[in-house]
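Values in this document were obtained by computation on a predicted structure and should not be read as measured data.
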Amino acid sequence: MNKWGHVFITLCLVLSAVFPAFADVVLDEDFKHQQLGIGGQYFEDKTAQRTYDEMLQEDLWKVSGSNGLSFGFTTSAFWIKTKVVNPLDKHRLLYLQVDNPFLDDIQVYFVSETGVESLFTGDTIPVGQRPVRHTQHLIPFYVNPTEQIELYVRVQSKGAMQIPLAIWDSQSFVESDHLSSLLYGLFFGLLLTISVYHFFLFISIKERAYLNYSLFYLSLLGVYACLSGIPGVFFWPMSPRVSDTFLIMCMGLSVYFPCMFAFEVLAVKTSRPTLGFTMRCFGFAGLFIACIASFMPYVFALKLLLAAVLCSIVINFIVYIVRFFDGYPPAKYMLMSVFFASIGLGVTVFVKVGALPSNFLTENALSIGVSFMAMLHAFALSQRINMNRAELALVHKALLDAKQKANEDLDHLVQARTYELEQVNEKLKLLSTTDPLTKLGNRRYFDELYRFAFRQCHREKEPISLLLLDIDHFKHINDTYGHQFGDACLIEAAKHILSCVRRPQDTVARYGGEEFVVLLPNTPLDGAVCIAELIVGRFREAKIFYAGAEIMMTVSIGVVSVIPCADLNEDHLLSKADKLLYRAKKNGRNRVEWEPPSQPEESFTLDLN
């Protein structure tokens, strides 16, 4: 025999010492409870049609070689029989416990000297119609003094045929049930606390990994509640089948959310995209099954989901191991925590399909694994938060340095851009206030400058003069020689006018069409008339040559001068100059018209704001 054979025999001996064989249940003084496992007799009714009377005549009973009666998924009905012997001279109240709330049909027959008594339970029977209202299937029965009872238990179910049977002394069961309720309360409270804690972390940090982990614990809480039979008793006692659908939904979500958590927290998308894609596929498979759970046959959905669970465990292990060797710090604690949870979950799955025996350790493997996962995950969270703080401090320092450098660069850039903007604005202002043909200031330029000069002369009590000029017969020139010749005349006219204006503060602008205006601040009427006569003379002396044509232009000018006062405004002065220009044209053109300064006939208010 090789060394593995010796190891197997040694293991069997150890297990037989830990789980002794009990064919019968003997109610001695120290009896508290007994699992009906090794040594118990069972029979598989493949037709699922045999009755109790037929089973009394059956001789082909098999002896169980394991501590748990697990037969996987099957349509057969299973019969289990054992004897309960009371050697004492007192009555005993006992409970037959079937610790699997998802078994559909359970029939129990008690055979004694007084006759046969039968009781029925199962998850197809509403809670109110069961022998005992409890999260587990409980069947109470009495054993008289020095009496021996044979128990026949028939079990049939669509799901996994796992039949954890035990017989309890009534007082011991109450004490154990109180302890179990306390432990379940603590464990469920742990899951709920972790879920709420992670949810508030998500609210605070806005990182989806915390939300996924929170919902994973919440869905895991739903799985545990279903496996404990709590929802079927307290939430839908009249609809036993709802628990099947709810279990599938919670299991599907408990596949989806841990996959999404690992995808987010370990940055799998960028570091390991292929693994990340595979992980998400299995996660979405679990979510898909959860969404359509109510439309699928329970057994088919459960088998499909168990396959997804096993695949997601494998891919999660691979991702955590890969990221651990990548040197990603949180992967160390996550690998340890998920290792314990996956082991517990894997053991539970194998127990459900009958691949592992049912005992205290295997039945509570998932609780133990999740408890370790919760503790280790606390370390992972602490490290993750510390990493975030360190990264935040580094980012904050980098931001401060970058901000300081950016401010310095911005100052230089602002100065450069301000200078460039000033240059551009000057160019734009020049373009917007310059007549493109004559290169003189345009009407807008004149209006702004005239308003400013008028107010300044008002404050200084100095005279201001205006010359309003118009080229004589300009329409005839345009009609005769064309607009290009007319443009050439306007250009020459601007040159003639500019040649007669000497001071820097004097301004020549194109007022509109063939009209020009000359602004003469601090100039009395006689000085303005002198300049006007000079301009008229310059036009008389000059000739225009363009495209073989030769003409002589003349100009009519209206001159006005005034010392601004509170009763005058700019428009009055322009209006007066326009009237004098009209008089010059009426009186024969090619001349200057003016009037001595006097109070105008109409009164205007000067706006000094």
Under 3.5 Å: donor-acceptor pair, side chain of D472, backbone of R589: no
Heavy-atom donor-acceptor pair, R443 side chain to D435 backbone, under 3.5 Å: no
Contact list for residues 312-323, test salt bridge (charged side-chain N to carboxylate O under 4.0 Å, His left out), sequence neighbours left out: R323-D326
Taking distance alone, no hydrogens or angles, what donor-acceptor pairs closer than 3.5 Å link side-chain atoms of residues 517-539 to residues at least two apart or in another chain?
residue	atom	partner	partner atom	Å
T523	OG1	R503	NH2	2.3
T523	OG1	P521	O	3.0
R538	NH1	S499	OG	2.6

Residues that F474 engages under ring pair (Phe, Tyr, Trp, His ring centres under 6.0 Å), provided they are two or more places apart: none
From NZ (K439) to CG (L498), nearest 0.5 Å: 13.5 Å
Residues Y450, L574; criterion side-chain contact (heavy atoms from CB on, under 4.5 Å); working and verdict: CA-CA 10 Å; Y450 173 51; L574 281 170; 3.8 Å; yes
Exam field: side chain T480 to backbone H476, donor-acceptor pair closer than 3.5 Å: yes
K397 atom NZ: more than 12 heavy-atom contacts under 6.0 Å: no
For V268, the option from T278, V319, T274 that meets side-chain contact (heavy atoms from CB on, under 4.5 Å): V319
Distance (rounded to the nearest 0.5 Å) between F284 CZ and Y256 OH: 4.5 Å
Distance, nearest 0.5 Å, that separates CG of L190 from OH of Y217: 7.5 Å
Atom OH of Y582 with >12 non-hydrogen neighbours under 6.0 angstrom: no
Check: S214 side chain, S195 main-chain N or O, donor-acceptor pair, under 3.5 Å: yes
Short N-O contact, K576 and E595, less than 4.0 angstrom: yes
L221 side, atom CG; L191 side, atom CG - distance, nearest 0.5 Å: 5.5 Å
Aromatic ring pairing F340/F372, orientation class (parallel under 30°, perpendicular over 60°, tilted between): parallel
Steps toward side-chain hydrogen bond (donor to acceptor under 3.5 Å, both in side chains) verdict (S556, D470): CA-CA 5 Å; S556 300; D470 186 81; over 6 Å; no
Intermediate values then yes/no, side-chain contact (heavy atoms from CB on, under 4.5 Å), L440 and F516: CA-CA 10 Å; L440 299 175; F516 296 84; 3.8 Å; yes
Any donor-acceptor pair under 3.5 Å from R510 side chain to G513 backbone: yes
side-chain contact (heavy atoms from CB on, under 4.5 Å) assessment of I497 paired with L467: CA-CA 11 Å; I497 299 171; L467 278 63; over 6 Å; no
Neighbour count >12 (heavy atoms, 6.0 Å) for atom CZ, F188: yes
Gap separating the CG atom of L215 from the CG atom of L253, nearest 0.5 angstrom: 8.5 Å
Under 3.5 Å side-chain donor-acceptor pair for D578 and S575: no
Point-to-point distance, once rounded to the nearest 0.5 Å, from CG of L211 to CZ of F202: 4.5 Å
Stepwise side-chain contact (heavy atoms from CB on, under 4.5 Å) test for N590 and R540: CA-CA 8 Å; N590 192 20; R540 289 172 182 165; 3.2 Å; yes
E460, CD: over 12 other non-hydrogen atoms inside 6.0 angstrom: yes
Pair D479 + K475: basic N to acidic O under 4.0 Å: yes
Salt-bridge criterion met for D401 and K405 (N-O under 4.0 Å): no
